[in-house]
Peer 1: 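Please see the structure below; I have some questions.
Start at 1 with the first residue, then count along the sequence. We count ligands from 1, going down the list as the structure has it; atoms in each ligand are counted the same way. Heavy-atom basis, side chains included; hydrogens, waters and symmetry copies ignored.
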Amino acid sequence: MAKDPVRVLVTGAAGQIGYALVPMIARGVMLGPDQPVILHMLDIPPAAESLNGVKMELVDAAFPLLKGVVATTDVVEACTGVNIAVMVGGFPRKEGMERKDVMTKNVSIYKSQASALEKHAAANCKVLVVANPANTNALILKEFAPSIPEKNISCLTRLDHNRALGQISERLTVQVSDVKNVIIWGNHSSTQYPDVNHATVATSAGEKPVRELIADDAWLNGEFITTVQQRGAAIIKARKLSSALSAASAACDHIRDWVLGTPQGTWVSMGVYSDGSYNVPAGLIYSFPVTCANGEWAIVQGKCFVT
Ligand SMILES: NC(=O)c1ccc[n+]([C@@H]2O[C@H](COP(=O)([O-])OP(=O)(O)OC[C@H]3O[C@@H](n4cnc5c(N)ncnc54)[C@H](O)[C@@H]3O)[C@@H](O)[C@H]2O)c1
Ligand SMILES: O=C(O)C[C@H](O)C(=O)O
């Protein structure tokens, strides 16, 4: 029997991440190839015409899984009945700025959208904040939507996680799909700590530690870390725009693993509220290693990087 459609909200849908993300969702990249979806797309009035253009393209693409499109500048209409909310709406930083420099503009958006989600989203809606500063925006959303369970509010550090996998795979000339269990600790900012101390690579002789295979601690403790920390800035310098296709893909990975589960023996990085694990103050939104099953994440314990 065909599944009921899932309603997925994308805010900032007329922007560049939105333009990369909505076709991925409509193709089943986020929720699976047998899961019908109804897309809710929100943007602000100056972007209304462009948003309508995205809607026209979604119709023209004739995605078999796409059962409806709501394209609106009305936050209540956008949030009504949504099961998943991907919060991309906001302003990206420009070259030379830190992500916290867009804080004033973006945080106020998350205050007002928190109450719309709280009042109008489906019960148990899962929320992913992408817009920067992502951890702070998620924290604001959590504080201003107290009836949404804390465990349902997360922010994106999967892009950093995927960037770390990508750097290891390039360095070792192995398939990125053979590398797993890196960890991004902390904020989606240049203060994050990308950790390879438990990461492994699948080889013909079994799983081997990344540190052993790379055999270059100076690179792993230096250039590797700064490359991952600074990758967002490097993309902005190269493209004159911030990352979009990789951010959209990471958002799909984040939601897919949260809803459908992480593979056995694999963890991923998610920005989630701290329960005090690893002595991170309780209530902060912080990136930890997590496994997911039955639609719930759990922080992986015992992977402390301070030895
Ligand atoms: N967490 C991550 O890994 C990650 C990665 C890449 C980008 N980002 C962030 O994602 C955000 C979006 O990036 P982008 O490149 O798509 O930007 P963009 O400027 O291309 O698109 C943002 C869209 O948000 C819309 N918007 C602004 N205020 C809004 C509001 N109140 N409600 C709804 N929509 C609103 C804008 O009109 C625009 O269409 C930025 O903050 C960027 O820094 C985060
Ligand atoms: O770096 C940025 O400002 C955009 C995004 O957060 C990224 O990491 O690519």
Side-chain angles (χ1 to χ4, degrees), residues 9-22 40-54 71-79 85-117 127-138 140-141 154-164 166 184 186-192 194 227-255 269-271 285 287:
L9 166 66
V10 176
T11 71
Q16 45 146 11
I17 295 176
Y19 191 71
L21 179 58
V22 292
H40 288 221
M41 304 195 296
L42 175 70
D43 216 293
I44 49 177
E49 194 178 351
S50 165
L51 185 67
N52 192 42
V54 178
T72 182
T73 57
D74 175 8
V75 67
V76 171
E77 186 185 7
C79 291
V86 187
M87 312 299 284
V88 185
F91 297 92
R93 64 171 166 160
K94 301 277 183 315
E95 204 172 338
M97 293 165 80
E98 282 291 329
R99 296 183 184 95
K100 62 180 165 39
D101 296 336
V102 289
M103 178 120 63
T104 321
K105 266 185 167 176
N106 287 351
V107 159
S108 64
I109 296 173
Y110 286 83
K111 274 189 194 167
S112 62
Q113 293 185 352
S115 35
L117 269 179
V127 182
L128 166 61
V129 177
V130 175
N132 280 315
N135 299 61
T136 309
N137 291 337
I140 295 291
L141 204 148
S154 65
C155 81
L156 189 70
T157 54
R158 184 60 174 269
L159 176 55
D160 310 286
H161 182 103
N162 289 348
R163 285 169 172 163
I184 303 298
N187 262 344
H188 175 65
S189 79
S190 51
T191 61
Q192 67 179 252
T227 299
V228 176
Q229 287 173 332
Q230 298 295 337
R231 189 67 157 188
I235 303 283
I236 293 171
K237 188 160 187 287
R239 264 177 32 91
K240 315 296 172 223
L241 286 170
S242 62
S243 63
L245 81 86
S246 55
S249 182
C252 289
D253 288 344
H254 176 114
I255 297 287
S269 303
M270 283 173 68
I285 302 278
S287 181

Peer 1: Suppose I only count heavy atoms of Ala247 and a 4.0 Å limit; which atoms of ligand 1 are within that range?
Peer 2: 5 (C), 6 (C)

Peer 1: Is Gly18 in polar range of ligand 1, meaning some N or O pair under 3.5 Å apart?
Peer 2: no

Peer 1: Will you find, in the side chains of Arg239 and Gln16, an N or O donor that is under 3.5 Å from an N or O acceptor?
Peer 2: yes

Peer 1: Can you tell me the protein heavy atom closest to atom 22 (C) of ligand 1 and the distance?
Peer 2: Gly90 O, 3.2 Å

Peer 1: Does some side-chain heavy atom of Thr11 sit less than 4.5 Å from a side-chain heavy atom of Val86?
Peer 2: no

Peer 1: Tell me the protein heavy atom at minimum distance from atom 13 (O) of ligand 1, and give that distance in Å.
Peer 2: Ile17 CD1, 3.5 Å

Peer 1: Backbone N or O of Ala234 within a donor-acceptor pair of the Arg231 side chain at under 3.5 Å?
Peer 2: no

Peer 1: Got the closest protein heavy atom to atom 29 (C) of ligand 1, with its distance?
Peer 2: Ile44 CG2, 3.5 Å

Peer 1: With sequence neighbours left out, write down each residue that passes ring pair (Phe, Tyr, Trp, His ring centres under 6.0 Å) with His254, or none if nothing qualifies.
Peer 2: Trp258

Peer 1: So which protein heavy atom does atom 15 (O) of ligand 1 come closest to, and at what separation?
Peer 2: Gln16 NE2, 2.8 Å

Peer 1: Heavy-atom distances under 4.0 Å are what count here, so tell me which part of Asn132 touches ligand 1: side chain, backbone, both or neither.
Peer 2: both

Peer 1: Do you know which of Asp160, Thr136, Thr157, Asn135 makes side chain to side chain donor-acceptor pair (under 3.5 Å) with Asn187?
Peer 2: Asn135

Peer 1: Are the side chain of Thr73 and the backbone of Pro45 linked by a donor-acceptor contact shorter than 3.5 Å?
Peer 2: no

Peer 1: May I ask you to list the atoms of ligand 1 that are less than 4.0 angstrom from any heavy atom of Asn106?
Peer 2: 41 (O)

Peer 1: Heavy atoms only, cut-off 4.0 Å: how does Leu156 contact ligand 1, side chain, backbone, both, or neither?
Peer 2: both

Peer 1: Specify side chain, backbone, both or neither for Val75, according to which of its non-hydrogen atoms lie closer than 4.0 Å to ligand 1.
Peer 2: neither

Peer 1: How far is atom 2 (C) of ligand 1 from its nearest protein heavy atom, and which residue and atom is that?
Peer 2: His188 NE2, 3.2 Å

Peer 1: I'd like to check which ligand 1 atoms, numbered from 1 as shown, lie under 4.0 Å from a non-hydrogen atom of Ser242.
Peer 2: 15 (O)

Peer 1: For atom 37 (O) of ligand 1, grab the closest protein heavy atom and report residue, atom and distance to one decimal in Å.
Peer 2: Asp43 OD1, 2.5 Å

Peer 1: Are any protein N/O atoms closer than 3.5 Å to the N/O atoms of ligand 2? If there are, list each pair with names and the distance to one decimal place.
Peer 2:
from, atom 1, to, atom 2, distance (Å)
ligand 2, 1 (O), Arg93, NE, 3.2
ligand 2, 1 (O), Arg93, NH2, 2.7
ligand 2, 1 (O), Arg99, NE, 3.2
ligand 2, 1 (O), Arg99, NH2, 3.1
ligand 2, 3 (O), Arg93, NE, 2.5
ligand 2, 6 (O), Arg99, NE, 2.7
ligand 2, 6 (O), Asn132, ND2, 2.8
ligand 2, 6 (O), His188, NE2, 2.5
ligand 2, 8 (O), Arg99, NH2, 2.8
ligand 2, 8 (O), Arg163, NH1, 2.9
ligand 2, 8 (O), Arg163, NH2, 3.4
ligand 2, 8 (O), His188, NE2, 3.2
ligand 2, 9 (O), Arg163, NH2, 2.7
ligand 2, 9 (O), Ser243, OG, 2.7

Peer 1: Please write down residue, atom name and distance for the protein heavy atom closest to atom 32 (N) of ligand 1.
Peer 2: Gln113 NE2, 3.0 Å

Peer 1: Have a look at ligand 1 and work out which part of Ser243, if any, has a heavy atom under 4.0 Å from it: side chain, backbone, both or neither.
Peer 2: both

Peer 1: May I ask you to list the atoms of ligand 1 that are less than 4.0 angstrom from any heavy atom of Val88?
Peer 2: 11 (C), 12 (C)

Peer 1: Closest non-hydrogen protein atom to atom 17 (O) of ligand 1, residue and atom name please, with distance?
Peer 2: Pro92 CG, 3.5 Å

Peer 1: What atoms of ligand 1 come within less than 4.0 Å of a heavy atom belonging to Leu159?
Peer 2: 3 (O), 5 (C)

